[in-house]
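Side chains included, hydrogens not; waters and symmetry mates left out as well; all remaining heavy atoms used.
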Amino acid sequence: MYSSKVIGLGKYVPERVVTNEELTHYMDTSDEWIRERTGIHERHWVEEGDGNNTASMAAKASRIALERAGLTPKDIDFIVFATLSPDYYFPGSGVLLQDMLGCDTIGALDVRNQCSGFVYATAVADQFIRSGMYKNILVVGSEVQSTGLDLSTRGRGVSVIFGDGAGAMVLTRDEDTSRGYLAHSLHSEGKYALELAVQTPSNRVPTSKLLKRVAENPDDTSFYPYMNGNFVFKHAVVRFQEAIMEVLNKAGLTPQDVDLVIPHQANLRISQFVQKMLKLRDDQMFNNIQKYGNTTAASIPIALTEAWEEGRIKDGDYVIQVAFGSGFTWGANLIKW
Ligand code: UT7
């Protein structure tokens, strides 16, 4: 058995910064409401013609991660790509990334677990490395959400929280099994699938019927993300804690032993609630939702990269990645750095 070591991290966000104030031009909202309810000050959104899409942003973040790892795309044995906003309905974005980076004809797996996507992707990649099947794996989270949002007042409960961006992590095989990813927890509860979902396009509706429906009703909202915000919030604060405790229990650790929690940046109030319940100090919790909004599957690798760049993660630290989101899905990964 081997363990997985993180040897490179990278992030990329589009240049365009969208402030809360800018959003007040499109919908009835305010900087005060958004800051108070979500903690968000601004987010980055792609703009037409800037060349950014889900795969290309992933490529930019990956090139940085690869350079920091001292590897080239030819050294990568496998790609795990987490996204809820793939470039195409099919094929997945992983194959586009394989081509953009110029990797060999390696396997590329798309993970469709929304906000928990990076937690699932990490767990999957770790299993391939532990078993000895692959040596170097690129694990990526990338999202373009802005192009799919309802920017009218009707969509304000959802649209103000989401941002675009990408994060990447290079994992490599290590002989020291006392380090690396020590535990994972992965969960789902599909009975709540439609509490946070985009329902259309869907193969449940023939395309011909769908086109007719849109032509007859241009206000069809099923193309936009729907979120039962309060309901999601209440589940999130419980599941975040459970997932953290599950990986800690598996490793025989307590919240006091944790050096840094990298929560999926869903809402600052969710992170603060979880911090309070687990009695974690401010320096044990990493938040950057203020600058990027909620970038779903990209939020953990973006935050992990930023924490590492700021020197917040040192050798031997216990770090936890934890997420909850659409599905519902949730989970956590515990790593000894
Ligand atoms: O990342 C994946 C998982 N997602 C999450 O974890 C998100 C979880 N949910 C949330 O973060 C929060 O529920 C939201 C930030 C989405 C909403 O915050 P909230 O405190 O739950 O607000 P609410 O939906 O209960 O709405 C409160 C009021 C409503 O007005 P009334 O009915 O009280 O008059 C909304 O219409 O705020 C209104 N409102 C807004 N007002 C200004 C909703 N969105 C906005 C807005 N600007 N953008």
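- Classification of Glu306 and Arg312 as a salt-bridged pair fails, no side-chain N sitting under 4.0 Å from a carboxylate O.
- Using a cut-off of 4.0 Å between Lys/Arg side-chain N and Asp/Glu carboxylate O, Asp176 and Lys5 are scored as not salt-bridged.
- Taking the centre and axis of the six-membered ring of Tyr2, the NZ or CZ atom of Arg173 falls inside the cone set by 45° and 6.0 Å.
- In summary, the aromatic rings of Phe273 and Phe240 are positioned with their centroids too far apart to meet the 6.0 Å limit.
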Exercise for the section: Check the pair Ile137, Val80 against side chain to side chain contact (heavy atoms under 4.5 Å, CB included), reporting the backbone distance first and the verdict last. Expected result: CA-CA 7 Å; Ile137 301 186; Val80 189; 4.0 Å; yes
Exercise for the section: Begin with the C-alpha distance, continue with both residues' side-chain angles, and end with the deciding distance and a verdict on side-chain hydrogen bond (donor to acceptor under 3.5 Å, both in side chains) for Asn52 and Glu47. Expected result: CA-CA 8 Å; Asn52 284 319; Glu47 56 190 328; over 6 Å; no
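- Electrostatic pairing of Lys74 and Asp104 counts as a salt bridge here, judged by a charged N lying under 4.0 Å from a carboxylate O.
- Classification of Arg43 and Glu22 as a salt-bridged pair fails, no side-chain N sitting under 4.0 Å from a carboxylate O.
- In this pair, His235 and Phe328 present their aromatic rings tilted. The plane angle is within the 30 to 60° band.
- Taken together through direct or relayed side-chain contacts under 4.5 Å among Ile, Leu, Val, Met, Phe, Trp and Tyr, Leu71 and Val140 form part of one hydrophobic cluster.
- At a cut-off of 3.5 Å, with distance as the only test, a side-chain donor of Thr296 or Glu143 sits close to an acceptor on the other residue.
- A donor-acceptor distance shorter than 3.5 angstrom exists from the side chain of Ser159 to the backbone of Gly155, with no hydrogens or angles considered.
- Within the 4.5 Å cutoff, the side chain of Val6 has heavy atoms near those of the Leu171 side chain.
- Minimum interatomic distance between Val198 and Pro225 (heavy atoms only, all atoms of both residues): CG2-CA, 3.5 Å.
- Hydrophobic clustering, with ILVMFWY side chains joined whenever heavy atoms are under 4.5 angstrom apart, keeps Tyr181 apart from Leu248.
- A salt bridge does not link Glu67 with Arg63: every distance from a Lys NZ or Arg NE/NH1/NH2 to an Asp or Glu carboxylate oxygen is 4.0 Å or more.
- Ring pair Tyr292/His44: centre-to-centre distance below 6.0 Å.
- Under the 4.5 Å side-chain heavy-atom criterion for Ile, Leu, Val, Met, Phe, Trp and Tyr, Leu280 and Tyr318 are members of the same hydrophobic cluster.
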Exercise for the section: May I have the step-by-step check of side-chain hydrogen bond (donor to acceptor under 3.5 Å, both in side chains) for Gln265 and Asn294, ending in yes or no? Expected result: CA-CA 5 Å; Gln265 307 288 305; Asn294 176 340; over 6 Å; no
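- Here the side chain of Gln98 pairs a donor or acceptor atom with the backbone of Cys103 at under 3.5 angstrom.
- Note on Asp317 versus Lys336: no salt bridge recorded, every NZ/NE/NH1/NH2 to OD/OE distance being 4.0 Å or above.
- Remark: Arg213 engages Asp220 in a salt bridge, criterion side-chain N to carboxylate O under 4.0 Å.
- Counting only N and O atoms by type, the side chains of Asn20 and His41 include no donor and acceptor under 3.5 Å apart.
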